[in-house]
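Given the structure is predicted, the values throughout are model-derived calculations rather than measurements.
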Amino acid sequence: MESNFEDQRDSANILETLSTDRGRIGERITAETWWAAPAQGLGAALIVVAPAAGLAWAWLPFVLSVGVFVGVEVLFRKRSGFGITRPAGPRGWWLLAALFLILFFSFVLSLGFALFGLTGWVVAAAVAAGVATALIVVLYDRAYAVEVRSAG
């Protein structure tokens, strides 16, 4: 029986092309880390510092944070040509879980500090959460690049 795909490339060329494409995706992800990680750290710090603004103004840091995160996503998609919808592998999932836990507990700690009027400690918790977020984003981007390159 004859195949309708007579001009197919051999499987070695296909695998080589896939490997090259995965390498380019990994390069694109890590190329954007230099600005995306600090920006996302700032977004996280804004979330954590919100309780220090008081009940009347706590919405403002949240709105600014959403603006930062949406802006990073839009600019990342524009500059890189693609968006990340989920982690590429287990390291990415673990880093996202760590990020969630750090932000959650930093926010709870910040609420506690704000209730006792310890605004300086709220700011310190926000700075720590922002730096931790930026570092985790760098690790996530590197892990994503490695996991995409080794997929398959």
Give me the other members of the hydrophobic cluster that Trp93 sits in, counting Ile, Leu, Val, Met, Phe, Trp and Tyr linked by side-chain heavy atoms under 4.5 Å, directly or via other members.
none
Any chance you could pull the hydrophobic cluster mates of Val138, using side-chain heavy atoms under 4.5 angstrom and chaining through other members?
none
Nearest non-hydrogen partners of [X] and [Y], listed with the distance:
{"X": "Pro38", "Y": "Thr33", "value": "CD-O, 3.8 Å"}
{"X": "Arg86", "Y": "Tyr144", "value": "O-CE1, 3.5 Å"}
{"X": "Ala143", "Y": "Arg91", "value": "CB-CB, 4.0 Å"}
{"X": "Gln40", "Y": "Thr133", "value": "O-CG2, 3.6 Å"}
{"X": "Ala129", "Y": "Ala44", "value": "O-CB, 4.4 Å"}
{"X": "Val122", "Y": "Ser110", "value": "CG1-OG, 3.1 Å"}

Grouping I, L, V, M, F, W and Y whenever their side-chain heavy atoms are under 4.5 Å apart, do [X] and [Y] come out in a common cluster?
{"X": "Val137", "Y": "Leu95", "value": "no"}
{"X": "Leu42", "Y": "Leu75", "value": "yes"}
{"X": "Trp121", "Y": "Phe107", "value": "no"}
{"X": "Phe116", "Y": "Phe113", "value": "yes"}
{"X": "Leu139", "Y": "Leu99", "value": "yes"}

Does a side-chain heavy-atom distance below 4.5 Å link [X] with [Y]?
{"X": "Trp94", "Y": "Pro87", "value": "no"}
{"X": "Trp35", "Y": "Phe76", "value": "yes"}
{"X": "Leu60", "Y": "Leu64", "value": "yes"}

Determine whether more than 12 heavy atoms belonging to other residues, nucleotides or ligands lie under 6.0 Å from atom CG of Leu55.
no
Residues in salt bridge (charged side-chain N to carboxylate O under 4.0 Å, His left out) with Arg142, at least two apart?
none
Apply side chain to side chain contact (heavy atoms under 4.5 Å, CB included) to Ile47 and Leu103, showing your working.
CA-CA 8 Å; Ile47 290 172; Leu103 287 178; 5.5 Å; no
Between Ser106 and Ile102 (side chain of the first, backbone of the second, donor and acceptor by atom type, cut-off under 3.5 Å), is there such a pair?
yes
For the side chain of Ser65 and the backbone of Pro61, is there at least one donor-acceptor N/O pair under 3.5 Å apart?
no
Between Val66 and Phe62, is a side chain to side chain contact (heavy atoms under 4.5 Å, CB included) present by the stated rule, with each step listed?
CA-CA 6 Å; Val66 169; Phe62 281 113; 5.6 Å; no
